[in-house]
Amino acid sequence: MKLLNILALSALCSFSAMAANEATVSLVPSKESPVIQKEIYGQFAEHLGTCIYGGLWVGPDSDIPNTNGYRTDVLNALKELHVPVLRWPGGCFADEYHWMDGIGPKENRPRMVNTNWGGTVEDNSFGTHDFFDLCEMLGCEPYLSGNVGSGTVEELAKWVEYITAEDGPMANLRKKNGREKPWKLKYLGVGNESWGCGGNFTPEYYADVYRRYQTYCRDYNGNKLYKIASGASDYDYNWTEVMMKNAGRHMNGISLHYYTVLGWSGSKGSAINFNDEDWYWALGKCLEVGDVVRRHCQIMDKYDPKKRVGLLVDEWGTWFDEEPGTIKGHLFQQNSLRDAMVAALSLNVFHTFTDRVKMTNIAQIANVLQSMVLTKGKEMVLTPTYYLFKMYVPHQDAQLVPVQVVTPVKKARDGREVPVVSATASAKNGVTTLSLVNTDLTEDVTITVNLNGISGKKISGEILTAANMNDYNDFGQPEKVSLKPFSAKAYKVSNGKLTVTLPSKSIVTLSLK
Ligand code: AHR
């Protein structure tokens, strides 16, 4: 058994003599604990495969039901998730994107080859106006990823001016293209994966380039940019070290990318055909993000002890082999109960770093990697990950309630360990939301929750599970994985303790009043 002390924002280990299918979770409410910023639930949309074209955008003339060109089914589904922020246009695509090709009459727009993603020809019919309109429809903050790798300082500076200035040459061009009022732009990424597809820079060189580019990205007419430096991938702690040392004072945030992936060369495994070992391996690998974030945070603390600079995990999620028969380079993968588990465990980890981690963006919103929705022609499927995000909506902008978890652990490949139980809790408007995960593939687990004064008079709950670990939702078939009410027979409260039994491989969210 292990004690996972999330109160201290780190994991302490201790052993106890509880049975393998029992665990305890103690809620430790504290007035001091931080708010789980809604931006932790951010999304990412890249010009990659059918994420934009077909997934979000079909154009106003399409016979697929749409609202001014945006798929109505997808729009409605995404509204339910309260998407707080959307990152665009990449990813690797961002460093080859020239924004001026995506404004003005659509028939005049130049085409380009999307060299990163399958060599598909991009017609630039979805551009700046379409993205900002989408954000307005979803009620979310736009997060632009600027081109540093193949662009110029002037190009990026003018993009900011075009979007946010009330007057001047770029504002006039915007007005000519049909948008009178400037938009608000908060989040600006200065490059993406600048150590790789974004230019193959060394951290020393990129730090200087970053300082130069960000200088000319101005605040117009009361707009205030939150400038984000392109950060490390995974375990590249030196990148964060050099960036914080050389450019820390010029940034508001720095990014981090962490994928649950088998490796960057060779097979990444199937999204739906996997065995028990693969299940635990993926959960162990995703949980490692806690250690990775902690180590990047320690470096940031050295240069920024007051935590002014945010760490933004602006790409995360599962990365498996593309589904057979789909286009190579389009990264279309199915999404099973395992993906929902990865999402739950990752979000539970991110909740514990809210003092430094200010945003995360799962990759990606539609038809690419660990998506919310999958589309095929007129059909749309909501993935298990979609339902997990829906289940977790109450945590957005709620105050963290720290938890201590004592749980059995499972051994996984590569020396990893997976706790059987993971938990997170938050409070908002007099309601405490408690999310509990049972990662065990075969055993139910009975959890004793010490409420520590939190009311459990009125409880309701939802469960996300499936008959099989690799169940998924497919086109034209009834949903196998979706949210269901959680039976009141599975829990009881007595003497300030809640006892709840979670079926194997399930995620439950309880609302306590
Ligand atoms: O999300 C897919 C790709 O993964 C992004 O374009 C890139 O930034 C990362 O390598």
Side-chain angles (χ1 to χ4, degrees), residues 42-53 55-56 85-97 112-120 122 126 131 143-151 187-201 206 210 228-236 239 253-266 268 271 285-286 289 292 311-323 326-335 339 342-343 346 359-374 383 385:
Q43 298 283 343
F44 170 34
E46 179 165 8
H47 287 240
L48 194 180
T50 51
C51 181
I52 302 287
Y53 302 108
L56 297 171
V85 56
L86 183 60
R87 180 172 183 249
W88 176 85
C92 294
F93 180 78
D95 281 287
E96 280 194 292
Y97 182 62
M112 66 178 282
V113 179
N114 192 337
T115 53
N116 284 290
W117 305 119
T120 306
E122 160 71 52
F126 187 95
F131 172 65
Y143 172 4
L144 282 191
S145 223
N147 181 346
V148 169
S150 72
Y187 298 110
L188 178 70
V190 182
N192 167 75
E193 296 197 346
S194 301
W195 41 264
C197 64
N200 280 307
F201 297 122
Y206 171 68
Y210 170 81
I228 301 156
S230 167
S233 182
D234 308 320
Y235 318 96
D236 186 358
W239 185 276
I254 185 164
S255 66
L256 170 69
H257 291 178
Y258 184 88
Y259 283 98
T260 296
V261 61
L262 212 44
W264 293 113
S265 55
K268 296 178 172 57
K285 169 77 180 171
C286 99
V289 76
V292 170
L311 182 65
L312 286 73
V313 189
D314 62 12
E315 288 186 29
W316 67 272
T318 58
W319 193 320
F320 299 116
D321 286 341
E322 290 150 332
E323 291 306 322
T326 62
I327 297 175
K328 213 170 160 23
H330 281 198
L331 310 188
F332 183 92
Q333 67 188 40
Q334 250 300 351
N335 196 296
D339 294 81
V342 166
S346 305
M359 185 197 294
T360 86
N361 308 74
I362 188 169
Q364 300 193 6
I365 198 163
N367 293 336
V368 170
L369 300 176
Q370 192 176 349
S371 303
M372 302 296 120
V373 299
L374 301 175
T383 66
T385 302

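Keep in mind the model is a prediction, meaning the values are calculated, not measured. We count ligands from 1, going down the list as the structure has it; atoms in each ligand are counted the same way.
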Would you mind running through ligand 1 and noting each atom that sits below 4.0 Å from a heavy atom of Gln364?
1 (O), 2 (C)
Report yes if some heavy atom in the side chain of Phe332 is under 4.5 Å from a heavy atom in the side chain of Glu322; otherwise report no.
no
Cys92: numbered ligand 1 atoms lying under 4.0 Å from its heavy atoms
5 (C), 6 (O), 7 (C), 8 (O)
Please work out whether the ring planes of Tyr259 and Trp319 are parallel, tilted or perpendicular, with thresholds of 30° and 60°.
perpendicular
Please indicate whether any nitrogen or oxygen in Cys197 is less than 3.5 Å from any nitrogen or oxygen in ligand 1.
no
Anything under 30° is parallel, anything over 60° is perpendicular, the rest tilted; go ahead and classify His47 against Trp88.
tilted
Proximal atoms of ligand 1 relative to Asn192 (non-hydrogen, under 4.0 Å):
8 (O)
Is the closest side-chain heavy-atom distance between Phe93 and Leu48 below 4.5 Å?
no
Among all protein heavy atoms, pick the one closest to atom 4 (O) of ligand 1 and tell me residue, atom and distance.
Glu315 OE1, 3.1 Å
Working note: Asp339 + Thr385, criterion side-chain hydrogen bond (donor to acceptor under 3.5 Å, both in side chains); need CA distance, chi angles, decisive distance, verdict.
CA-CA 6 Å; Asp339 294 81; Thr385 302; 5.0 Å; no
Only one of Thr120, Asn367, Asn114 forms a side chain to side chain donor-acceptor pair (under 3.5 Å) with His330, so which one is it?
Thr120
Quick one: look at Trp264 and ligand 1, take heavy-atom pairs under 4.0 Å, and tell me if it's side chain, backbone, both or neither.
neither
Per-atom filter on ligand 1: closer than 4.0 angstrom to a heavy atom of Leu369 are 1 (O), 2 (C)
Min side-chain heavy-atom separation Asn192-His257 under 4.5 Å:
yes
Is Trp319 in contact with ligand 1, taking contact as a heavy-atom separation below 4.0 Å?
yes
I'd like to check which ligand 1 atoms, numbered from 1 as shown, lie under 4.0 Å from a non-hydrogen atom of Phe44.
1 (O)
Considering only protein heavy atoms, which is closest to atom 10 (O) of ligand 1, and at what distance to one decimal place?
Glu193 OE1, 2.8 Å
